[in-house]
Amino acid sequence: MSSELTYDTSAEVDVIEGDAVDTGSKPQDGDGFGCHAGAAEMEAAARSAGKSEILDQFAKDYPQGPHDKPQSMCPAFGSLRVGLRMRRVATVLSGSACCVYGLTFVSHFYGARRSVGYVPFNSETLVTGKLFEDIRDSVHEMADPERYDAIVVTNLCVPTASGVPLRLLPDEINGVRIVGIDVPGFGVPTHAEAKDVLAGAMLNYARQEVEAGPVQAPVSGVSDRPTVTLLGEMFPADPLGISGMLAPLGLAAGPVVPCREWRELYSALDSQVVAAIHPFYTSAIREFEAAGRTIVGSAPVGHDGTATWLAAIGDAYGVPPDQVAVAQNAFLPAISGALASVPVKGTITLSGYEGSELLVARLLIESGAEVPYVGTACAKTPWSAPDLDWLESKGTKVKFRASLEDDCAAMEAIQPDLAIGTTPVVQKGKELGIPSLYFTNLISARPLMGPAGAGSLGQVVNAAMANKDRMDHMREFFEGVGHEDTAGVWEGTPNLRPDFRAAHQKKLDKQARAAKAQEMI
């Protein structure tokens, strides 16, 4: 009989054992149920803590698809990015330390040059309400009108699930606006839509200020022509191009929402027409509609998109049809020429989570490409209808709330000449020997609107498709080094244990059945 090998006397220490506590399916208070609890448990905890109204609004604004959790980076990155890009706006995060570390890391990776505030907590301060007091103290300490116009406080998953009531923070301190938002991963499906959470909250605050009385004029002054607010982050040159296309209509491009400074929110609300360039900003659109503004979907992308969009903007502002025709005749020939100068020949699958996937697909098709599949992680909205109808008329299958599995399955089935997608889609494509481009860094970082956007994709897309022979050579070179469990170079056969895998799968299946049964109760 063998005895246990020990190195010290720690095994001899008496252990105090308490009585077992049956918690049922309810998660424990504190941050222990945060990062590793399921979405259903987190949502149930949040509702029991008084967050039902917020979660119901999220469900209405951002209806989920077949997958119930984000498949991109943490959604709060979107709202964090919006806040960090605004001048004279401070950002404070309330969440688990690991989440805050990851969010600040990725924000600086993407070019943020500003500190992010953090209010730490533990199980005791979370449960007793001391965390809220710490947040309140921190914003009072930060509220310096010489430095800030606003302070944005964001609840991440754990504080939201615990019911930390940011709504009880004062609306302003020393003239500094306090904007509190909840951006839980179990309520906001994508980081693109998290941008809308903060944009909508700021517009709501600004709209109430406008209704209460006079507000500050924008630093750049007030336009001498009626303006069109542009909704959605875009390449910096695009607003300038759009402004040029609006000039023959007697109009000008207004602010881009999300804005770069607080005063621009007033100008954005002042525009009678809002162009939903990115159609998923449902919270922001709700604020514009509450202010009585007209919403126009789609964007001036390609020949057909520009013609239709200019007509829709002209109609919204009551511009005579002959004046709209002058604008169309001034730009459409240039767009057609730019498209013809850099033709794209080949089959392309396209997917992403930025919200501009349908616009990019339109531009590729007008450049000559065949695009049989477009997947977007964002939800279908009324303002995506013009782009959806046009793409479907060209034989394109559009999948809203597309999952990673949807995108990979489409790519594997179609075997395109080029796959444009997120990082895991690109990785899968390259494994299959399919030339692939990362949507966010290589496609979004280019102009898309008007004549400037018409020829912007051709060069990079054609260069990528020309790499097919190199991809085939790489596949041949690495053939035989293994895949998935057997990846790498092995001197012998790896020790595969299918019995372990089968047992673990049974455990997962059992957990899934239990979770489904719990939802039905």
Side-chain angles (χ1 to χ4, degrees), residues 223 225-257 268 271 273-279 295-317 319 321-344 350 354-369 371 383-384 386-387 389-391 394 420 439 442-462:
S223 173
R225 291 174 290 170
T227 59
V228 177
T229 292
L230 307 177
L231 186 55
E233 288 187 316
M234 61 194 79
F235 189 75
D238 278 335
L240 296 176
I242 291 175
S243 187
M245 288 185 282
L246 290 173
L249 302 180
L251 307 174
V256 176
V257 178
S271 298
V273 175
V274 177
I277 304 295
H278 291 182
I295 313 298
V296 174
S298 193
V301 168
H303 178 279
D304 293 359
T306 301
T308 303
W309 188 82
L310 287 173
I313 294 295
D315 181 65
Y317 257 121
V319 177
D322 56 344
Q323 190 174 349
V324 172
V326 169
Q328 292 171 330
N329 293 334
F331 291 97
L332 296 183
I335 292 173
S336 296
L339 291 170
S341 66
V342 192
V344 176
L350 188 148
E354 301 292 332
S356 58
E357 291 76 28
L358 275 64
L359 299 179
V360 173
R362 291 189 66 153
L363 199 53
L364 288 171
I365 290 173
E366 288 204 2
S367 298
V371 184
W383 306 282
S384 59
D387 300 321
D389 293 343
W390 190 91
L391 288 170
K394 303 297 181 181
I420 299 174
F439 187 97
L442 296 174
I443 303 300
S444 289
R446 296 175 183 276
L448 298 177
M449 317 296 169
S456 67
L457 298 181
Q459 186 175 1
V460 66
V461 167
N462 286 329

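Numbers for residues simply follow the sequence, beginning at 1. Bear in mind the structure is a predicted one, so any value in this text is a computation, not a measurement.
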May I have the list of side-chain donor-acceptor pairs in residues 325-335 shorter than 3.5 Å, sequence neighbours left out?
| residue | atom | partner | partner atom | Å |
| --- | --- | --- | --- | --- |
| Gln328 | NE2 | Ala307 | O | 2.9 |
| Asn329 | ND2 | Ala325 | O | 3.1 |

Is a donor on one side and an acceptor on the other found under 3.5 Å between the side chain of Ser341 and the backbone of Ala338?
yes
Within the structure provided, determine whether Trp309 and Val301 are in side-chain contact (heavy-atom separation under 4.5 Å).
no
Apply side-chain contact (heavy atoms from CB on, under 4.5 Å) to Val344 and Leu457, showing your working.
CA-CA 9 Å; Val344 176; Leu457 298 181; over 6 Å; no
Rounded to the nearest 0.5 Å, the CG atom of Leu251 sits from the CE atom of Met245 at a distance of 12.5 Å
In short, Arg225 meets Ala252 closest at the heavy-atom pair NH2-CB, 3.8 Å
Sequence neighbours excluded and cut-off under 3.5 Å, please list the side-chain donor-acceptor pairs for residues 361-369, or say none.
| residue | atom | partner | partner atom | Å |
| --- | --- | --- | --- | --- |
| Arg362 | NH1 | Asp387 | OD1 | 2.9 |
| Glu366 | OE1 | His303 | N | 2.6 |
| Glu366 | OE2 | Asp304 | N | 3.0 |
| Ser367 | OG | Leu363 | O | 2.8 |

Which residue pairs pass the side chain to side chain donor-acceptor pair (under 3.5 Å) test with at least one member in residues 443-461, sequence neighbours excluded?
none
When rounded to the nearest 0.5 Å, the distance separating OG of Ser356 from CZ of Phe439 is 3.5 Å
Considering non-hydrogen atoms only, spot the tightest contact between Gly232 and Val256 and give its length.
O-CG1, 3.5 Å
Sequence neighbours excluded, every pair satisfying salt bridge (Lys or Arg N to Asp or Glu O under 4.0 Å) that has a member inside residues 244-256
none
Per the salt bridge (Lys or Arg N to Asp or Glu O under 4.0 Å) rule, what does the pair list look like for residues 230-242, sequence neighbours excluded?
Arg81-Glu233, Arg85-Glu233, Lys195-Glu233
Stepwise, does the side-chain contact (heavy atoms from CB on, under 4.5 Å) test hold for Tyr317 with Val228?
CA-CA 10 Å; Tyr317 257 121; Val228 177; 3.9 Å; yes
Quick check for you: to the nearest 0.5 Å, what is the distance between Leu240 atom CG and Phe235 atom CZ?
10.5 Å
Start with the C-alpha gap between Val371 and Lys394, add the side-chain angles, then the distance that decides, and say whether side-chain contact (heavy atoms from CB on, under 4.5 Å) holds.
CA-CA 9 Å; Val371 184; Lys394 303 297 181 181; over 6 Å; no
What is the minimum heavy-atom distance between Ala452 and Pro447, and which atoms define it?
O-CG, 4.0 Å
Applying side-chain hydrogen bond (donor to acceptor under 3.5 Å, both in side chains) to Ser271 and not counting sequence neighbours gives Thr227, Thr229
Minimum side-chain heavy-atom gap Pro300-Ile242 below 4.5 Å
yes
Output the distance between atom CD1 (Ile443) and atom CG (Leu448), rounded to the nearest 0.5 Å.
8.5 Å
In Å and rounded to the nearest 0.5 Å, what is the NE2 to CE distance from His278 to Met234?
6.0 Å
Verdict with reasoning, Ile277 to Leu359, per side-chain contact (heavy atoms from CB on, under 4.5 Å)
CA-CA 9 Å; Ile277 304 295; Leu359 299 179; 4.1 Å; yes
Among Val296, Ile295, Val257, which residue meets the side-chain contact (heavy atoms from CB on, under 4.5 Å) test with Leu231?
Val257
